[in-house]
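Report on the structure given below.
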Amino acid sequence: MPCRSRSCARSLVRGQGEGLRHQTVGGLARDAVQAFGGLGFARELGADGSPGPVEAIYRDSKIGEIYEGTNEIQKWVIARQIFGRTTVG
């Protein structure tokens, strides 16, 4: 049964927002790693042991994806709310 209630619509929008957030943050983190090249994955950038922020941002973006639930599961939930359980999978 498709999503018709107000609470269902809110959860649908929340799921879409989470998916977009993870996709955006992950893409920006990957681009930053590409821009830094080999130093993108380095935990320490300088001889003084200064931390590499790009590595931490990339790591945290991946942890966020895993913790919040995979994007594929989010997509299935959204599709089921839009089209109904019998239509999708």
Side-chain angles (χ1 to χ4, degrees):
M1 175 165 208
C3 179
R4 291 206 167 92
S5 69
R6 184 171 277 184
S7 65
C8 182
R10 276 193 291 255
S11 68
L12 177 65
V13 171
R14 183 174 47 245
Q16 289 171 332
E18 286 179 10
L20 180 62
R21 179 183 66 203
H22 290 303
Q23 186 177 14
T24 303
V25 170
L28 290 172
R30 278 188 299 279
D31 290 347
V33 168
Q34 287 291 324
F36 276 74
L39 292 176
F41 283 115
R43 285 187 184 248
E44 297 176 357
L45 289 179
D48 61 349
S50 58
V54 177
E55 181 267 338
I57 292 169
Y58 183 74
R59 182 186 65 232
D60 292 345
S61 73
K62 294 307 286 182
I63 289 171
E65 274 184 39
I66 294 166
Y67 180 74
E68 295 284 334
T70 63
N71 289 333
E72 292 301 315
I73 293 173
Q74 289 286 344
K75 289 175 188 176
W76 277 95
V77 169
I78 292 167
R80 282 188 173 172
Q81 287 180 346
I82 292 173
F83 300 114
R85 182 170 291 249
T86 58
T87 307
V88 180

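Scope of the values below: all heavy atoms of this structure, side chains included, with no hydrogens, waters or symmetry mates.
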Single-linkage hydrophobic cluster, 4.5 Å side-chain cutoff, V33 and F36 together: yes

Residues that R30 engages under side-chain contact (heavy atoms from CB on, under 4.5 Å), provided they are two or more places apart: Y58

Set of residues satisfying side-chain contact (heavy atoms from CB on, under 4.5 Å) with respect to L20, sequence neighbours excluded: Q23, T24

Pair listing, salt bridge (Lys or Arg N to Asp or Glu O under 4.0 Å) test, anchored in residues 50-59, at least two apart: R43-E55, E55-R59

Heavy-atom closest contact (A29 atom, I57 atom, distance): CB-CG2, 4.2 Å

For the student: nearest non-hydrogen atoms of S61 and G26, plus distance: OG-CA, 4.2 Å

